[in-house]
Undergrad: 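Pasting in a structure now, in structure tokens, and then I'll have a few things to ask.
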Amino acid sequence: MNPYVNVLFLLLFFLGGPVQSSGKQADFPEDFDRLVEFHGHICPGLAKGYLAVQVAQRHLQDGKASGEAITPIVEGQRCGLDAIQFLLKESSPFGNTLGNRGKGLVVLDYGKDVWIFIRDRDQKALRVVLKPGTFDHIFKTAPDADEYNTLSRKIKGKKANEQERRQFLALKKQKTAQMLLVPEDKAFNLRWLDKKDTDTLKASLPKPGKSGGRIQCVMCREEVFEQYTRVKNGRELCIPCFNELTW
Ligand SMILES: [Zn+2]
Ligand SMILES: [Zn+2]
């Protein structure tokens with residue numbers, strides 16, 4: 001092959017490949033494709049969560065997907081949370097999903113790209129923090145960043161046409177694929193937590209209420225777990241009735 005063509009291909013590879021609206025799409029790892037299916041769309045948030053799970057698997061599970069039970073504590077409730085649930089759901093005897101609240105996964109609404117992974121066997125815990133500006137080279141300073149951000153604003157403002165939507169999706173796929181290539185030391189600050197830290201952390205976590213018994217709300221007559229009732233004028237009500245919300 002002509003050496004110039006070779007260099008061009010290499011360059012395109014490192015830039016994440018050209019955006020093509022002809023159907024050629026970025027190649028993702030197979031489990032990322034399945035994660036996208038679960039989440040409903042491709043997005044940078046998923047890539048962040050995916051990378052964080054890889055860190056946990058590398059340091060706490062010897063790289064295996066479900067070798068060791070891990071309890072994740074997630075400090076944000078955005079798209080990346082689905083990556084934690086989907087990829088670590090089998091890394092717990094109960095399932096690290098929101099539906100298993102109180103037994104595995106803990107979700108804190110702090111709005112941070114921070115994850116704590118605790119290995120059940122020895123309580124070894126790793127706090128994984130996304131470094132500020134990690135993806136600036138993809139979303140801020142890349143030659144196509146302006147185009148991406150302009151299209152993104154148009155789409156959010158519902159002003160994009162079909163062609164622009166396709167172009168944005170292609171760029172988003174390409175950029176998400178580039179995110180997945182960022183190495184661990186460039187993406188994250190890691191800190192091992194000692195037992196004192198994890199004990200303090202666990203003590204600070206909101207305690208999920210016990211299921212307890214169910215009672216009937218005196219207003220809507222619907223059943224509700226006892227610990228979710230509120231008392232108003234001596235009457236035990238469900239939360240929507242207490243807040244006078246009806247639908
Ligand atoms: Zn998303
Ligand atoms: Zn009610």
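On a predicted model such as this, the values are computed, not experimentally measured, just so you know. Atoms within a ligand are numbered from 1 in the order they appear, just like the ligands themselves. Sequential numbering from 1 along the given sequence is applied to the chain's residues.
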Undergrad: To the nearest 10 degrees, could you say what angle the Zn ion (ligand 1) makes with SG of C43 and SG of C79?
TA: 100°

Undergrad: Please find the N/O/S atom of H39 nearest to the Zn ion (ligand 1) and write down its name.
TA: NE2

Undergrad: Between E37 and R34, does at least one N-O distance fall below 4.0 Å, as a salt bridge requires?
TA: no

Undergrad: Give, rounded to 10 degrees, the angle between SG (C238) and SG (C217) as seen from the Zn ion (ligand 2).
TA: 110°

Undergrad: Given 3.5 Å as the limit, does a donor-acceptor pair link the side chain of N161 with the main chain of Q163, or not?
TA: yes

Undergrad: Just say parallel, tilted or perpendicular for the rings of F32 and F28, cut-offs at 30° and 60°.
TA: tilted

Undergrad: Do R78 and D113 meet the salt-bridge criterion of a basic N to acidic O distance under 4.0 Å?
TA: no

